[in-house]
Amino acid sequence: MRAFEDAATLSSGRFMYALPNIYKVKKFFNFGSERRLKESIAIVHEHADNIIRSRIEEKAKKINEDLLSRFIDNDENSAEFLRDIVISFILAGRDTTSSALTWFFWLLSSRPDIEKKILTEMETIRLRSGKNIGDTYSFDELRDMNYLHAAISETMRLYPPVPIDTKNCRNNDVLPDGTFVGKDWFVTYHTYAMGRMESIWGENCGEFWPERWLEDGVFRQESPFRYPVFHAGPRMCLGKDMAYIQMKSIAASVIERFEVEALEKDKRPEHLLSLTLRMKGGLPVRVKERCVDVIG
Ligand code: HEM
C-alpha cells in the first residue's frame, strides 16, 4: 500500500512543476522522483497481477466469483486491461472513502453538537428496530440516517476526496457558456474551490453545517454540477452509493461506541495533494470507549 500511495503522490506531483515537461527529462534519465515512481509502479503492478492470478485460480475452483471474475471471463480483455481495472478500483474505492472519513472525524472532533445529533439519529433508529449498540446496521437503517448522510456530504463539500479533476479534450469543442476548448487542451475543474464558493453555497459557505443538506429532516440531493464531488454526467462515479454505505456504516459503528478526539483539533491539518486530498502526516487521535448514558 505504501507503493500505491507513493505512486499516486509522485504521479500527481508531475502537475506541480513550473516547467510542465521536466518530468519527461527525469523519466528519460530515470532519476529522482521518476525513478521512485517507476519502482512504485512496478510493485503496484506486481500486486495487481497477484490479485488477478489468484482470482483465475479461484475461478477454476468456482469460488469467490466477483466483478473481476467477469472481466476475466471476457477473453478480449488483455492482461494489461485487467491490471488497470484492478488498480482503478483500488484507487477509486480505497483512498477516496478513507480521505473523506479522516476529514469527517477531524471536523467532528471540534463539533460535539453535530456528533450529538448523529448519536440521537442512531439511537432513534436503534429503538425503532430493537437493536443494541454494536449490532450491525442493515442497508435500510443506514439509508435512513439522513443526518449522518448530510454530515458526510458536508465534509466532502469542504474536503472533497478528489479535489481537482482534469480532462483532455479529444476534439475542438465549445462549452455551454461559449468558451472555446481546443483539441488536446486540458480542462480542469476545481471541486475544492467550488465547495467553498459563496455564489454556490451562500454566505456561510465556509461553515461546517450539515443542515444545509436537509429539508424537513430528509437529505436533499444537490445537483452534481454544483457539487461535482463524484463528478457529473455520463462518467460519474460508479461507486457513489456503495461509498456512502461504506462510510456511513464505518462512521456509525465507530461513533456509537467510541469518542474520537483529534489531538490537534484546533490546528488546521496540512493538505497532502496526491490524486486524492489526504491529510499530511495522517490524523493522530485519542480514542475512548463511549459512556452509554452520555448518548441520550
Ligand atoms: C467518497 C468516495 C468516492 C468519491 C469522492 C469518488 C469520486 C469519483 C470521481 C470524482 C470520479 C470521476 C473521476 C474522473 O473521471 O476523473 C469517480 C469515478 C469512478 N469511481 Fe468513484 N469515488 C468514490 C468512491 C468510489 C468507490 C467506493 C468505488 C467502487 C469501488 C468507485 C468507483 C469508481 C469508478 C469505477 C469510476 C470510473 C467511472 C467512469 O469512468 O465511468 N468510486 N469517482
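Both counts, for ligands and for their atoms, begin at 1 and track the order of listing. FYI, side chains are in, hydrogens and waters are out, and symmetry mates aren't considered; it's all heavy atoms of this structure.
Atoms of ligand 1 found under 4.0 Å from any heavy atom of Val229, numbered from 1 in the order shown, are 5 (C), 7 (C), 10 (C). Here is the list of ligand 1 atoms found below 4.0 Å of a heavy atom in Met156: 1 (C). Every atom of ligand 1 with a heavy atom of Pro161 under 4.0 Å away is listed here by number and element: 5 (C). Those atoms of ligand 1 that come under 4.0 Å of a heavy atom in Phe89, given as number and element, are 30 (C), 35 (C).
Ion pairing of Arg126 with Asp135 is absent here, as no side-chain N (NZ or NE/NH1/NH2) approaches a carboxylate O to less than 4.0 Å. One finds no salt bridge joining Arg212 and Glu207 here, because no Lys/Arg side-chain nitrogen approaches an Asp/Glu carboxylate oxygen to under 4.0 Å.
Among all protein heavy atoms, the one lying closest to atom 25 (C) of ligand 1 is Ala92 O, 3.3 Å. Nearest non-hydrogen protein atom to atom 11 (C) of ligand 1 is His231 CB, 4.1 Å. Looking only at heavy atoms of the protein, atom 27 (C) of ligand 1 is closest to Gly93 CA, 3.6 Å. For atom 13 (C) of ligand 1, the closest heavy atom belonging to the protein is Asp165 OD2, 3.6 Å. At the shortest separation from atom 23 (C) of ligand 1 among protein heavy atoms lies Thr96 OG1, 3.5 Å. The protein heavy-atom contact nearest to atom 6 (C) of ligand 1 is Phe230 CD2, 3.6 Å.
Trp106 and Tyr159 have perpendicular rings, their planes meeting at more than 60° on a 0 to 90° scale where under 30° would count as parallel. Between Trp213 and Tyr227, the ring planes lie perpendicular to each other; the angle is over 60°, past the 30° to 60° tilted range. Between His231 and Tyr189, the ring-plane angle classifies as parallel under the 30° and 60° cut-offs.
Following chains of ILVMFWY side-chain contacts shorter than 4.5 Å, one cannot reach Val187 starting from Ile164, and the two form parts of different hydrophobic clusters.
Between Gln246 and ligand 1, no N or O atom pair is found at a separation short of 3.5 Å. Residue contacts with ligand 1: Lys167 is placed with a nitrogen or oxygen under 3.5 Å of a nitrogen or oxygen of the ligand (distance criterion only). Taking any N or O of Arg235, backbone or side chain, at least one lies under 3.5 Å from an N or O belonging to ligand 1.
In the model, His271 has no side-chain atom that pairs as donor or acceptor with a side-chain atom of Lys280 under 3.5 Å. Between the side chains of Thr179 and Asp177, a donor-acceptor pair is found at a separation under 3.5 Å.
Within the set Pro224, Pro228, Gly239, the minimum heavy-atom distance to atom 29 (C) of ligand 1 is found for Gly239.
With a 6.0 Å cutoff to the six-membered ring centre and a 45° limit on the axis angle, Arg143 does not count as a cation-pi contact of Phe139.
The environment of CD in Glu46 is sparse: at most 12 heavy-atom neighbours from other residues, nucleotides or ligands sit within 6.0 Å.
No donor-acceptor distance shorter than 3.5 angstrom exists from the side chain of Asp73 to the backbone of Phe71, with no hydrogens or angles considered.
Of the protein's heavy atoms, none falls inside 4.0 Å of atom 37 (C) of ligand 1.
Only the side chain of Met247 comes within 4.0 Å of ligand 1, judged by heavy-atom distances.
Among the atoms of Cys237, an N, O or S atom is found under 2.8 Å from atom 21 (Fe) of ligand 1.
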